[in-house]
Structures are given as C-alpha cells and as structure tokens.
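Reviewing the structure listed below.
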Protein chains: 2
Amino acid sequence: MAATKDPRPCSIADALALVGEKYSLLVLREVCLGNGRFDQLVRNIGAPRDILATRLRRLVDAGILTKRAYSERPQRFEYRPTQAGLELEPVLMTLMAWGDRHLRKDDDRPMVIEHVCGNELAPVVTCRACGDPVRHEDLAAHPQVSGWTVSGPSAA
Amino acid sequence: MAATKDPRPCSIADALALVGEKYSLLVLREVCLGNGRFDQLVRNIGAPRDILATRLRRLVDAGILTKRAYSERPQRFEYRPTQAGLELEPVLMTLMAWGDRHLRKDDDRPMVIEHVCGNELAPVVTCRACGDPVRHEDLAAHPQVSGWTVSGPSAA
DNA sequence: TATGGTGAGTTTGGATTTCCTACTCACCGG
DNA sequence: CCGGTGAGTAGGAAATCCAAACTCACCATA
C-alpha cells in the first residue's frame with residue numbers, strides 16, 4: 001500500500017524547506033536590495049549573528065546566494081543573489097503587497113518599490129497563458145502522484 | 001537618535017511573522033485545496049498535532065482562516081481560507097513554480113494546477129500598471145522611513 | 001450494553017533550535 | 001600601541017519542536 005504517513009509531495013513544501021526558515025527570506029530581501037554584508041544583514045534584519053551565519057551558509061549551499069570577496073586584505077565578503085535567488089524576488093514583492101494590504105492601516109507602507117515603467121510597483125500574479133490575474137476560483141489542482149486527493153472547495 | 005538596533009520596518013517581515021512559521025503556509029495550501037479538517041491536515045502536512053493546533057489558532061486569530069462546524073453533534077470542524085487567506089494563494093503558486101523550476105529535475109512536478117483558461121497554470125508576477133513581468137533590474141526600492149538605506153545593486 | 005472507531009484536539013517529557021552576550025581574529029588608521 | 005570595524009565562534013539559558021499517548025464526545029454494531 002502507499003505511504004499513509006508521509007506528507008504530500010509538493011514543491012511548495014520543498015521550497016519552504018530551503019527558504020522557509022526564520023530570517024531566510026529577509027536575508028534575500030536585503031541581498032536583493034544590495035545590502036549583502038554581514039553586519040548590514042545583522043542590523044537590517046535583527047537576527048542573531050550565529051543564526052544569520054547558519055542561514056547564509058545554507059542559502060549559499062542551496063545556490064540561492066553567492067559569497068564573494070569585495071576586498072582581500074582585509075578579507076571582506078558580500079552576499080549576492082544568484083539567478084535562482086533573483087527569481088524569488090517576485091515572491092517577496094507579492095508577499096509585501098499582501099502585507100501592505102492586510103497588515104497595515106491606510107497607506108502607511110514602510111517601503112515602496114518603483115517599477116521601471118515609472119509607476120509604483122503593484123505586483124499581480126497572472127497566468128502566463130491567458131494573462132488573467134490568478135484567482136482562487138479559476139484554479140483546479142491535480143496531484144500527479146496517486147494517493148493524494150484534493151477536495152473541490154465545497155461552495156461557500 | 002533613531003533606533004540603531006531595530007530591524008528594518010517592512011511588510012515582508014510582518015507578513016512572515018504571521019505566516020512564516022513552520023507549516024503555516026502548508027496549512028494554507030491544504031485549506032485552499034479544500035482539505036480543511038484537522039486529521040487531513042495532520043496527514044497531508046506531516047506536522048505534529050500540537051503544533052498544528054497552535055498554527056490553526058494563530059491563523060484564525062490573524063483572520064487568514066475561519067473555523068466552522070460542518071457537523072454539530074458530533075461536533076466536527078473545518079478550516080477555510082478567508083479572503084485574506086485566498087489572496088495569499090498566488091504567493092503559494094509562485095513559490096511552487098519556483099520550486100518546480102529550481103528544485104526538481106525535468107518535469108517531475110508532484111502537482112499541476114490547471115487554470116480556467118484551459119492551460120496549465122504558469123504564474124507570472126507582473127506590474128499592474130504596465131503589465132510587464134517583474135524583473136529585478138526593473139525595480140528600485142525607496143524606504144519610506146528615514147534612516148533606512150538601500151544600496152543600488154553594484155553592477156554584476 | 002460492551003467494543004471499537006473517528007474527529008479534534010491536549011498532555012507529557014525529551015530532543016532540537018534559537019537567542020543573547022561575549023569573545024576571537026585579522027586588519028586598518030592614527 | 002590603541003581603538004575600531006568586519007566577519008564570524010563559543011557557551012549556556014530559553015523557547016520550540018516532536019512523537020506518542022491520552023482525553024472526550026459521539027456514533028455503529030452486535
């Protein structure tokens with residue numbers, strides 16, 4: 001019989017196993033902002049130094065960041081996003097927009113991103129095929145691994 | 001003087017404070033799939049029951065889930081996403097796509113989402129104003145709170 | 001009416017992580 | 001030589017996590 005104990009196989013879970021630990025996505029935020037030095041990260045994130053060191057190692061190992069020296073003698077390092085890391089930035093933007101909408105009063109947004117088009121960035125997740133915004137009602141899930149089910153959302 | 005110890009104020013951090021704990025986003029995944037009952041969640045996520053109970057309380061308190069009885073006598077409950085919860089689904093989709101691209105070989109995707117347009121969902125984060133995909137090079141950050149800086153990403 | 005089963009948790013006690021403070025080590029500037 | 005900065009390590013207390021067992025209410029059946 002199939003495994004009845006294992007959790008559902010899923011790329012969301014896999015992704016979170018890499019970047020879902022505390023501070024990891026904040027590290028990515030800072031690194032994408034161009035603040036990739038250890039002490040900057042400590043200050044801007046508010047993480048304990050040892051935890052930060054652990055996270056950085058992990059993110060480098062995972063191929064999300066690179067560590068490069070910006071100065072030999074004295075050796076000084078800087079972390080930067082890889083391509084894979086940069087491709088997580090839209091996730092951060094979407095999450096930030098969600099936070100701005102649901103966690104704050106009015107338009108007290110601590111940070112505004114400007115898009116190259118000249119407007120303030122308001123990220124929208126769309127379907128590549130048809131271009132429409134992704135809405136829950138328009139989605140249907142199909143597990144590719146047998147044994148895993150999705151109940152259609154019983155109508156509200 | 002300004003606080004030199006506090007971390008950067010940021011909606012990403014605030015959002016993660018709510019949904020960034022282990023399992024929280026997986027709970028949301030299951031609930032969006034329509035699997036909102038406690039034992040389903042335990043099985044599909046693989047979380048310890050006590051942790052799950054804690055997360056559920058937190059997500060309900062935060063207004064991301066609701067708890068509703070689908071049966072009185074015997075009392076049986078089901079968790080469902082609120083509007084705010086549903087609006088996090090695009091984040092999950094984007095994260096899943098990232099995981100599919102970077103964490104898996106070939107097209108071994110454990111789960112495929114079908115969009116109402118008839119195609120397999122490939123989520124793209126776009127700028128609402130101009131419709132273009134969001135790319136790192138096209139963004140410029142502006143902290144709204146003084147004292148916080150962003151270094152322009154020194155050219156690769 | 002005893003027997004077993006399900007759903008939805010709570011309890012318990014031990015294994016991991018995280019957190020905080022302090023410390024190191026290398027180098028630089030005066 | 002002295003103090004300061006960047007990039008971490010070290011050590012122990014505090015918080016979390018985990019698995020398994022337990023509870024409690026109810027239903028099914030025999």
As a check of understanding: the bend across the helix from dT1(C)-dA30(D) to dG30(C)-dC1(D), end axes from five pairs, rounded to 10 degrees, works out to 10°
Nearest heavy-atom contact between Met111(A) and Ala141(B) is CE-CB, 4.1 Å
Scanning both residues in full, the closest heavy-atom pair of Pro81(B) with Leu86(B) reads CG-CD2, 3.6 Å
So, is [X] near the phosphate of [N], with a side-chain N or O under 4.0 Å from OP1 or OP2?
X	N	answer
Lys22(B)	dT17(C)	no
Lys67(B)	dA8(C)	no
Tyr79(B)	dG7(C)	no
Tyr23(A)	dC19(C)	yes

Strictly by modelled atom types, are Ser11(B) and Arg104(A) linked by a side-chain donor-acceptor pair under 3.5 Å?
yes
Under 3.5 Å side-chain donor-acceptor pair for Glu87(B) and His102(A)
yes
Between [X] and [Y] (side chain of the first, backbone of the second, donor and acceptor by atom type, cut-off under 3.5 Å), is there such a pair?
X	Y	value
Thr126(B)	Asp132(B)	no
Trp98(A)	Ala84(B)	yes
Arg8(B)	Thr149(B)	yes
Thr66(B)	Thr82(B)	no

Has Arg43(A) got its NZ or CZ under 6.0 Å from the middle of the six-membered ring of Phe38(A), at an angle within 45 degrees of the ring axis?
no
Are Lys67(A) and Tyr79(A) in a cation-pi setup, meaning NZ or CZ lies under 6.0 angstrom from the ring centre and within 45 degrees of the ring axis?
no
Could you run through nucleotides 25-30 of chain C and give me one letter per nucleotide, 5' to 3': B if any protein heavy atom sits under 4.0 Å from the base, S if only the sugar-phosphate is that close, - if neither?
-BSS--
Could you tell me the separation between the [atom1] atom of [X] and the [atom2] atom of [N], rounded to a whole number of Å?
X	N	atom1	atom2	value
Asp39(A)	dT9(D)	CG	P	13 Å
Gln40(B)	dA8(C)	CD	P	8 Å
Glu21(A)	dT16(C)	CD	P	16 Å
Asn44(A)	dA7(D)	CG	P	13 Å
Ile45(B)	dA19(D)	CD1	P	14 Å
Asn35(B)	dG7(C)	CG	P	13 Å

Going by heavy atoms closer than 4.0 Å, what residues in residues 48-60 of chain B are next to DNA chain D?
Pro48(B), Arg49(B), Asp50(B), Ile51(B), Arg55(B)
Answer with base, sugar-phosphate or nothing: what part of the nucleic acid does Phe77(B) contact at a heavy-atom distance below 4.0 Å?
sugar-phosphate
Test Leu28(B) against every option in Val19(B), Val91(B), Leu65(B) by the side-chain contact (heavy atoms from CB on, under 4.5 Å) rule and name the one that passes.
Leu65(B)
